[in-house]
Engineer: 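Got a structure for you, written out below as structure tokens; questions coming shortly.
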Number of protein chains: 2
Amino acid sequence: MTEKKETILQTALELFAKEGFNATSTSKVAKEAGVSEGLVFKHFNNKAGLLEAILKEGEKKFKLFYADVVMENDPRERLRKIILLPFQIAEEEYEFWKLQFKLKWELGYDSTEKMKPLVESITKAFDELSYPAPSLEAELLLQTLDGLSTAIIKHEVSDPENLMKLLLKKYEL
Amino acid sequence: MTEKKETILQTALELFAKEGFNATSTSKVAKEAGVSEGLVFKHFNNKAGLLEAILKEGEKKFKLFYADVVMENDPRERLRKIILLPFQIAEEEYEFWKLQFKLKWELGYDSTEKMKPLVESITKAFDELSYPAPSLEAELLLQTLDGLSTAIIKHEVSDPENLMKLLLKKYEL
DNA sequence: GCATTTTAAGTGAGTAATCACTCATTATTA
DNA sequence: TAATAATGAGTGATTACTCACTTAAAATGC
């Protein structure tokens, strides 16, 4: 990965996040990155390829993000860890996650498949804690965390700390 | 509102929802609506005006949607009603709501202002029910319902009926 | 009630700008 | 020297939008 290639990727990420994929032209990406437009196509074939590279990195980051949760053996601790996740997103990464959400809407991306291991892991945790409807509990919790995550990266949450505490309390964690 | 104007609006709604705002050209809207492209601009000035008209209708629908909740006086019943909302979205309106969510991402739209009356109404309900942290409870519930709504209109929820029941039970409703 | 004028609805060809993408050429590095 | 990185001018297609024009529907005068 050359330096310029990385610059292109980073610039595209920022612009796609700010303006959207279709609203961002390849010429703008090139200009902003201080690079010829041709180079963008040399490295990524076409505009869709550039997007794909960004999405791939997103998936990697996402998996890394929740790997610690899935690996946790103690069910209570596993639930605690996943609830903490949305509140641990670093502020300098808000743009990155915003792009991931944005693109998933723009492209009609279905993420259920990639979420499966996480869903199962949380379901199992609820099961081990003898919740009467583990899979429903898992679904509800994950949707809640999804809503919270989007609100957080949009800076729409006033008091994250106490919101987190409230949620933990609801699951007696 | 002439018949053709309405057709344009409806067609644009469908195309924007399916392909996204920036990915849908005015010529495509016109062609699909069986109308000259010029007419689109006669009625809506520019592409952004067309979008604005759609968003305005969305706001109206949204307010109508939760009007019944805000008007409810009994706090328990008010909570029950708002929890029911996501599960009452008619299937033939999924595309419409999908568009609203999509556009809010695409345009970086901030909806907090429009949600304020709803937030306050729910906060008051929790307060009246003597929850220790009413405003946090309201925020959490609304984010949960937001997450659920998006999942529902994306057809990502397997068992809405029981998910609803579970959520109601959590609030002893 | 009928003719005339004004207003609005609708058309479709045209515009400059921008789009994603190509390619022949040059600079850099292994 | 061979291969890859990088350039930048150029391509046809498409974009949002305009405009001179026609058609249809009200509004007005007699």
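Worth saying up front: this structure is predicted, and the values here are computed from it rather than measured. Quick note on labels: first sequence line is chain A, next is B, and so on, each numbered from 1.
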Engineer: Between the side chains of Gln143(B) and Glu139(B), is a donor N or O closer than 3.5 angstrom to an acceptor N or O?
Structural biologist: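 No, because no side-chain N or O of Gln143(B) sits under 3.5 Å from a partner of the opposite role on Glu139(B).
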Engineer: Compare side-chain N and O positions of Thr2(A) against OP1 and OP2 of dA6(D) and report whether any pair is under 4.0 Å apart.
Structural biologist: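 Checking dA6(D) against Thr2(A), a side-chain N or O does come within under 4.0 Å of OP1 or OP2.
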Engineer: Let me know, please, whether Val40(B) or Ala23(A) comes out on the 5' side of the other along DNA chain C by nearest nucleotide.
Structural biologist: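 That would be Val40(B).
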Engineer: Does Leu140(B) offer a backbone N or O that forms a donor-acceptor pair with the side chain of Thr144(B) under 3.5 Å?
Structural biologist: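 Yes, because the side chain of Thr144(B) sits within donor-acceptor range (under 3.5 Å) of the backbone of Leu140(B).
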Engineer: Let me know the distance between CD of Glu37(B) and C1' of dG14(C), rounded to the nearest Å.
Structural biologist: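 The distance from CD of Glu37(B) to C1' of dG14(C) comes to 11 Å, rounded to the nearest Å.
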Engineer: Return no unless some side-chain N or O of Thr26(A) is found under 4.0 Å from OP1 or OP2 of dA20(C).
Structural biologist: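 True: Thr26(A) side-chain N/O within range (under 4.0 Å) of dA20(C) OP1/OP2.
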Engineer: Please determine, for the side chain of His43(A), which listed nucleotide (dA6(D), dA16(D), dA9(C)) has the closest atom?
Structural biologist: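 Among the listed nucleotides, the one closest to the side chain of His43(A) is dA6(D).
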Engineer: Using a heavy-atom cut-off of 4.0 Å across all strands, would you classify Lys42(B) as base, sugar-phosphate, or nothing?
Structural biologist: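 Base, at least one base heavy atom under 4.0 Å.
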Engineer: Just checking Lys5(A): base, sugar-phosphate only, or nothing, at a heavy-atom cut-off of under 4.0 Å?
Structural biologist: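 Counting heavy atoms under 4.0 Å across all strands, no contact is made by Lys5(A).
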Engineer: Where the side chain of Leu39(B) is concerned, which of dA6(D), dC17(D), dA9(C) is the nearest nucleotide?
Structural biologist: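 Looking only at heavy atoms from C-beta outward on Leu39(B), the closest nucleotide is dA9(C).
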Engineer: Return yes if a side-chain donor-acceptor contact under 3.5 Å exists between Thr26(B) and Glu37(B), otherwise no.
Structural biologist: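 Yes, because at least one side-chain N or O of Thr26(B) sits under 3.5 Å from a partner of the opposite role on Glu37(B).
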Engineer: Please work out whether the ring planes of Tyr171(B) and Phe126(B) are parallel, tilted or perpendicular, with thresholds of 30° and 60°.
Structural biologist: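 Because their plane-to-plane angle lies in the 30° to 60° range, the rings of Tyr171(B) and Phe126(B) count as tilted.
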Engineer: Would you indicate which nucleotide in dT15(D), dT11(C), dT22(C) comes nearest to any side-chain atom of Ser27(B)?
Structural biologist: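 Among the listed nucleotides, the one closest to the side chain of Ser27(B) is dT15(D).
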Engineer: What is the distance, rounded to the nearest whole Å, between atom NZ of Lys4(A) and atom C1' of dT4(D)?
Structural biologist: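 In whole Å, dT4(D) C1' lies 14 Å from Lys4(A) NZ.
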Engineer: Using a 4.0 Å heavy-atom cut-off, does Val35(A) contact any base of the nucleic acid, only the sugar-phosphate backbone, or nothing at all?
Structural biologist: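 Touches sugar-phosphate only.
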Engineer: What nucleotide, of dC19(C), dA9(C), dA6(D), holds the atom closest to the side chain of Ser36(A)?
Structural biologist: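 Of the candidates, dA6(D) comes closest.
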